Protein chains: 2
Amino acid sequence: MPVRLSDIASEAGVSLMTVSNVMNGKRSRVSEATAHRVLEIADRLGYVPNLPARSLAASKSHIIAALTPVGEDHSLLMSPHTVEVIGGLEKHLRHEGYHVLLRGIEKEADITGAIKGWALDGAILLEFADSQIDRIQVSGVPLVAIDSYSENPRTISVRTDDRRGGWLAGTCLTEAGHSQLLFAGPPFEGMGVMGQRWEGFLSACIASGIDPSQIAVVETLISYEDGQALGRRLRKDHPDVTAVFATADSLAIGILAGLNEAGVRVPEDISVIGFDNIEMSALVTPGLTTVAQDIQAKGAEAARLVLQEVEKGQGTPPPISLEVSLVTRASVASPRTSQRT
Amino acid sequence: MPVRLSDIASEAGVSLMTVSNVMNGKRSRVSEATAHRVLEIADRLGYVPNLPARSLAASKSHIIAALTPVGEDHSLLMSPHTVEVIGGLEKHLRHEGYHVLLRGIEKEADITGAIKGWALDGAILLEFADSQIDRIQVSGVPLVAIDSYSENPRTISVRTDDRRGGWLAGTCLTEAGHSQLLFAGPPFEGMGVMGQRWEGFLSACIASGIDPSQIAVVETLISYEDGQALGRRLRKDHPDVTAVFATADSLAIGILAGLNEAGVRVPEDISVIGFDNIEMSALVTPGLTTVAQDIQAKGAEAARLVLQEVEKGQGTPPPISLEVSLVTRASVASPRTSQRT
DNA sequence: TTGAAAGCGCTAACAA
DNA sequence: TTGTTAGCGCTTTCAA
């Protein structure tokens, strides 16, 4: 029923190969005239290439997988951030004629299995921890890891410039005149995303003459609820603190809510700065000042890099860090406002 | 480099077909003993089937597409709801040995193109409007439309029992003693998701003796911001109203915020009930009473239905509506509380 | 610039 | 229970 290359070939009175060459844009191997005629016929007949056949013959599938870890017998649980990354990469790949296979990964063998089974041209790893990426042994196809600081040489890293983001947050707070600071984020080891944000924040503080030992650190998950709990007890636990850097907006917004419940005013009593610039950040009261990143661009960049490797393939390129910027809203003010109280 | 069926066959001293049959679980065609041996060898050699080859030979790909509409040159923009649906269906399909291809659809031809090109076994349509689904002409593969009330005979509908949800909301409010009600939701024509919720709501109101003409209706988008705007002006525009049914939690939460800004207390002055039970609904103050649905189950159900059609194929099954339930939190109370004021 | 031959790895249909 | 034959629709390689 479906139209094949051979159908077009006989209709056009040329060989199957000529049609194949036209379809693959190898214009140098076909005369302008026949190319034109073949194209016209293909269009008229409604030709759609059979991708499995193409994959089999060429051992190249035009499929890039989006892989995210998933607990055994669990559903894919993508964060809003990941969803946006996928949106960005899907668009790029679609426009380049590639396809996205979405797959939850229960164990490392799933990765190699998917790659070999589908003759995947590449894969993009989302939400994997650096330690997991370190362990990946796969080779033969380009692998891009999003938000990774892993040094796995087989893996291309695409991430946000987290260090600069931390630095922006620190600068924003110290320039407003704060010196009693609190850093709130998930526990981390080494120089992953959070480590980078901390380093950047720290260096901004030091640059403005703050003694690092003065900086309070609270380890907390980044959920709204954890932030809320932290906000409620903040004044009690840290009476001197006048400004908080929360390493995620979800956390920051929770803190805002908790502080509000505790009767602490933002920004008059305490300033809060977040990271991510999620949709909600513009909507809460007061609006959350935060470090913003272009998440879709991160997805597109990841896609661009896999394709570059697929098509040119000159060995793992260096990590890429995307720019961040400061979004100023109402949650940060000078601490003097509070001393007036 | 990769292991093929023939490698296993020669290693085991049997024919290629025997191995193929073992791999496809056709246990009736192979003796227990050889099956065992073949499996052992396949495992030892690390055999991974070549899926494109399998697809080509069987003209069946084991791929189900997740399709969502996308503006030309735009990125996939999935709502949290859709993301959860995809999580549910991906898990189901993965466990059944199928794969998910994620694809943004710019025009209807993209759907047929994808189906023919990949020999897709089926597709699940997400975020399409009923009017778009009505127009779909595709045939040959099962198509499941999520949250659709389209009567397109080629399409299997999986949705929430929206009518019952509306009814639950209406009952909740009238049983609390409210009679001055407001229905807030997006404009709708016909009996789509919103039409159903309205019908259910209306019938609950009528059942408790409320004159339909008393019910105020506000047409509004369902974003937080639109809700906020509505909340701010609610008291002024509708001074008599004591209870609001917002057809989405995002809207309801915005209304809560707007009411709060306007100094209207919830639930003392006005009760609010939502729909969806999104994560945020448990976290706001007061907690939002709402109609809940199991979204992952909806995805899994959609997956189950496509596979049922793929494997049994006995013609488009009737629409399926998943159950809803009422989640009672603090945002609904009896109106008498307010009359005491 | 065009074409013929061979085969990618697998499965369906039939034969033994 | 096992094996043989014949493709699936395409690309690669090589020859014209």
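Quantities reported herein were computed from a predicted structural model and do not represent experimental measurements. Excluded from the calculations below are hydrogen atoms, water molecules and symmetry mates; all remaining heavy atoms, backbone and side chain alike, are included. Here is the naming used below: chain letters follow the sequence lines, and residue numbers restart at 1 for every chain.
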Quick one: is C:dT11 close enough that its OP1 or OP2 comes under 4.0 Å of any side-chain N or O from B:Ser20?
yes
Would you say the side chain of B:Asn24 lies within less than 4.5 Å of the side chain of B:Arg54, judging by non-hydrogen atoms?
yes
Quick one: is B:Thr34 getting a side-chain N or O under 4.0 Å of the D:dT2 phosphate, OP1 or OP2?
yes
Identify which nucleotide among D:dT12, D:dG3, C:dG3 has an atom closest to any side-chain atom of A:Val14, counting heavy atoms from C-beta outward.
C:dG3
In whole angstrom, give the distance that lies between atom NE2 of A:His62 and atom C1' of D:dT11.
13 Å
Between P on D:dA6 and CE on B:Met17, what's the gap in Å once rounded to a whole number?
15 Å
Worked verdict on B:Glu11 versus B:Arg44 for salt bridge (Lys or Arg N to Asp or Glu O under 4.0 Å)
CA-CA 11 Å; B:Glu11 178 90 9; B:Arg44 178 155 51 75; 3.6 Å; yes
Roughly how far apart are A:Thr82 OG1 and A:Lys298 NZ, rounded to 0.5 Å?
8.5 Å
Counting heavy atoms from C-beta on, name the nucleotide in D:dT11, C:dT11, C:dG3 closest to the side chain of A:Leu5.
D:dT11
Nucleotide nearest A:Ser15 (side chain, heavy atoms from C-beta), chosen from C:dA4, C:dT11, D:dG3
C:dA4
B:Lys60 atom NZ is separated from D:dG7 atom C1', nearest whole Å, by 20 Å
Distance alone, cut at 3.5 Å: any donor-acceptor contact between the side chains of A:Ser79 and A:Glu127?
yes
Using a cut-off of 4.0 Å on non-hydrogen atoms, how would the nucleic acid contact of B:Ser55 be classed: base, sugar-phosphate, or nothing?
nothing
Assign each of A:Gly13 and B:Arg54 the nucleotide of DNA chain C bearing its closest heavy atom; nearer the 5' end lies the nucleotide of A:Gly13
Distance in angstrom units between A:Asn21 CG and D:dC14 C1', rounded
13 Å
Would you classify A:Ser6 as touching base, sugar-phosphate or nothing, given that sugar-phosphate means primed atoms plus P, OP1 and OP2, and contacts are heavy atoms under 4.0 Å?
nothing
Quick one: label A:Arg29 by what it contacts on the DNA or RNA (base, sugar-phosphate, nothing), any heavy atom closer than 4.0 Å.
base
Return the value, rounded to whole Å, for the distance between atom CG of A:Leu16 and atom P of D:dT11.
9 Å
Within the structure, does a side-chain N or O atom of A:Ser31 lie under 4.0 Å from either OP1 or OP2 of C:dT2?
yes
When the distance from CD1 of A:Ile8 to P of C:dT2 is rounded to whole Å, what number comes out?
16 Å
For A:Asn50 and D:dC8, give me the distance from atom CG to atom C1', rounded to whole Å.
8 Å
Less than 4.0 angstrom between a side-chain N/O of A:Tyr47 and OP1 or OP2 of D:dC10, yes or no?
yes
Under 4.0 Å from OP1 or OP2 of D:dT1: is there any side-chain N or O of B:Thr18 that close?
no
If you compare every side-chain N and O of A:Ser59 against the phosphate oxygens of D:dT11 (OP1, OP2), does one of them come in below 4.0 Å?
no
To the nearest 0.5 angstrom, please state how far the CD1 atom of B:Ile86 sits from the CG atom of B:Leu93.
11.0 Å
Would you say the side-chain atoms of B:Tyr47 and B:Asp7 include a donor-acceptor pair closer than 3.5 Å?
no
Between atom CG in B:Leu56 and atom P in D:dG9, what is the gap in whole Å?
7 Å
